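Okay, so here's the structure we're looking at.
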Amino acid sequence: MQQERLLKVLVIGDLGVGKTSIIKRYVHQVFSQHYRATIGVDFALKVLNWDHQTVIRLQMWDIAGQERYGNMTRVYYREAVGALVVFDMTRSSTFQAVLKWKKDLDSKVAHGNGRPLPAVLLANKCDQQRYGLCSKLPKLDNFSRDHGFVGWYETSAKDNTNIDAAIMCLVENIMAID
Ligand code: GTP
Ligand code: MG
């Protein structure tokens with residue numbers, strides 16, 4: 001018997017860090033340099049043949065960076081089962097914001113068992129490393145563990161680096177819960 005699982009996953013992080021680009025890369029295999037800020041929330045769906053018994057419908061909620069200053073996140077987060085928290089390696093302010101997003105998430109949504117949602121940290125735009133924080137950032141292993149992320153990846157939506165790996169890591173952690 002085949003079963004179908006619908007997983008609602010949030011993609012959060014500051015303005016312009018590349019959330020929409022990561023989703024577009026993952027779902028449609030495209031990338032654009034053009035920046036158009038997301039207003040409110042956007043949606044994308046990816047169907048995964050997970051194993052012989054399971055089809056996953058991965059519903060990705062692309063939340064506008066500007067929502068950090070709004071009150072809507074509580075509504076958007078409802079019934080989510082996991083999150084990607086994204087920052088831009090070339091802008092340290094977006095790294096500072098990571099913990100604000102994580103706190104916002106953990107304060108507003110949790111699993112049925114009361115545990116925080118699995119969250120993966122994405123250091124995006126790693127194709128721009130030369131210009132970025134990278135040399136200054138210690139490897140994020142400790143940071144990510146200390147702040148309750150299940151993993152972290154350097155990603156590039158532009159070059160398609162580690163996008164699949166990061167999302168697989170999240171889905172595996174979600175599926176391991178029950
Ligand atoms: P909001 O919707 O405002 O919250 O922004 P966002 O996080 O959705 O950012 P978006 O995906 O719109 O990307 C912002 C800009 O960064 C765009 O100009 C993208 O082309 C660019 N960008 C996104 N990902 C990458 C990347 O991996 N490498 C490079 N070089 N540019 C990227
Ligand atoms: Mg966007």
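Since we're looking at a predicted model, the values are computed, not measured. For ligands, and for the atoms within them, numbers begin at 1 and follow the listed sequence. Numbers here are sequence positions counted from 1.
With rounding to the nearest 0.5 angstrom, the CD1 atom of Ile163 is 12.0 Å from the CE atom of Met168. Atom-to-atom distance recorded for Ile167:CD1 and Ile23:CD1 is 7.5 Å, nearest 0.5 angstrom.
The part of Ser32 lying near ligand 1 is the backbone, judged by heavy-atom distances below 4.0 Å. Residue-level proximity to ligand 1 for Thr20 is carried by backbone and side chain together, each with a heavy atom below 4.0 angstrom. Contacts with ligand 1 closer than 4.0 Å are made by backbone heavy atoms (N, CA, C, O) of Ala64 only, the side chain lying farther away. In Gln128, the part holding a heavy atom less than 4.0 Å from any atom of ligand 1 is the side chain. Counting heavy atoms closer than 4.0 Å to ligand 1, residue Ile22 contributes nothing at all.
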**Request:** Check the pair Trp152, Leu122 against side-chain contact (heavy atoms from CB on, under 4.5 Å), reporting the backbone distance first and the verdict last.
**Result:** CA-CA 6 Å; Trp152 74 278; Leu122 274 62; over 6 Å; no

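When the shell of 6.0 Å around NZ of Lys108 is examined, it contains more than 12 heavy atoms from other residues, nucleotides or ligands. Atom CG of Asn71 sits in a sparse spot, with 12 or fewer heavy atoms from other residues, nucleotides or ligands closer than 6.0 Å. Surrounding CD of Glu79 are at most 12 heavy atoms belonging to other residues, nucleotides or ligands under 6.0 Å away.
A salt bridge does not link Glu154 with Lys125: none of the charged nitrogens is closer than 4.0 Å to a carboxylate oxygen. Between Arg68 and Asp14 a salt bridge is recorded (basic side-chain N to carboxylate O distance below 4.0 Å). Between Lys102 and Asp106, at least one side-chain N (NZ, or NE/NH1/NH2) sits under 4.0 Å from a carboxylate O, which counts as a salt bridge. Salt-bridge annotation for Arg91 and Asp88: present, with a side-chain N of the basic residue lying under 4.0 Å from a carboxylate O of the acidic one.
Closest to atom 27 (O) of ligand 1 among all protein heavy atoms lies Ala157 N, 2.8 Å. Among protein heavy atoms, the minimum distance from atom 9 (O) of ligand 1 is reached at Gly18 N, 3.1 Å. Nearest to atom 5 (O) of ligand 1 among the protein's heavy atoms is Gly16 N, 2.9 Å. Shortest contact from atom 3 (O) of ligand 1 to any protein heavy atom: Tyr35 OH, 2.6 Å. For atom 24 (N) of ligand 1, the nearest non-hydrogen atom of the protein is Asn124 ND2, 3.2 Å. Protein heavy atom nearest atom 11 (O) of ligand 1, with residue, atom name and distance: Ser21 OG, 2.6 Å. In this structure, atom 6 (P) of ligand 1 lies nearest to the protein heavy atom Lys19 N, 3.5 Å. In this structure, atom 16 (O) of ligand 1 lies nearest to the protein heavy atom Lys125 NZ, 3.0 Å.
Taking every non-hydrogen atom of Ala37 and a distance limit under 4.0 Å, the qualifying atoms of ligand 1 come out as 2 (O), 3 (O). Less than 4.0 angstrom separates some heavy atom of Gly65 from each of these atoms of ligand 1: 1 (P), 4 (O). Of all atoms in ligand 1, listed by their number and element, those nearer than 4.0 Å to a heavy atom of Lys158 are 26 (C), 27 (O), 28 (N), 30 (N). Contact atoms of ligand 1 toward Gln33: 17 (C), 18 (O), 20 (O) (distance under 4.0 Å to a heavy atom of the residue). Of all the atoms in ligand 1, the ones that sit under 4.0 Å from a non-hydrogen atom of Phe31 are 20 (O), 22 (N), 23 (C), 24 (N), 25 (C), 31 (N), 32 (C). Listed by number with element, the atoms of ligand 1 under 4.0 Å from a non-hydrogen atom of Ser156 are 27 (O).
The count of protein N, O or S atoms under 2.8 Å from the Mg ion (ligand 2) stands at 2, with waters excluded from the count.
Within the 4.5 Å cutoff, no side-chain heavy atoms of Tyr153 are placed close to those of Leu84.
With hydrogens and angles left out, the side-chain atoms of Asn160 and Tyr26 include no donor and acceptor closer than 3.5 Å. Defined by atom type and a distance below 3.5 Å, a donor-acceptor pair is present between the side-chain atoms of Asp127 and Ser156.
Here the closest heavy-atom approach between residue Arg25 and residue Lys158 is recorded as NH2-O, 2.9 Å.
Lys19 pairs by the salt bridge (charged side-chain N to carboxylate O under 4.0 Å, His left out) definition with nothing, not counting sequence neighbours.
The N/O atoms of Gln66, backbone and side chain alike, include none that comes under 3.5 Å of an N/O atom in ligand 1.
In this structure, Lys24 is not positioned above the aromatic face of Phe31 in the sense of NZ or CZ being under 6.0 Å from the six-membered ring centre and within 45° of the axis.
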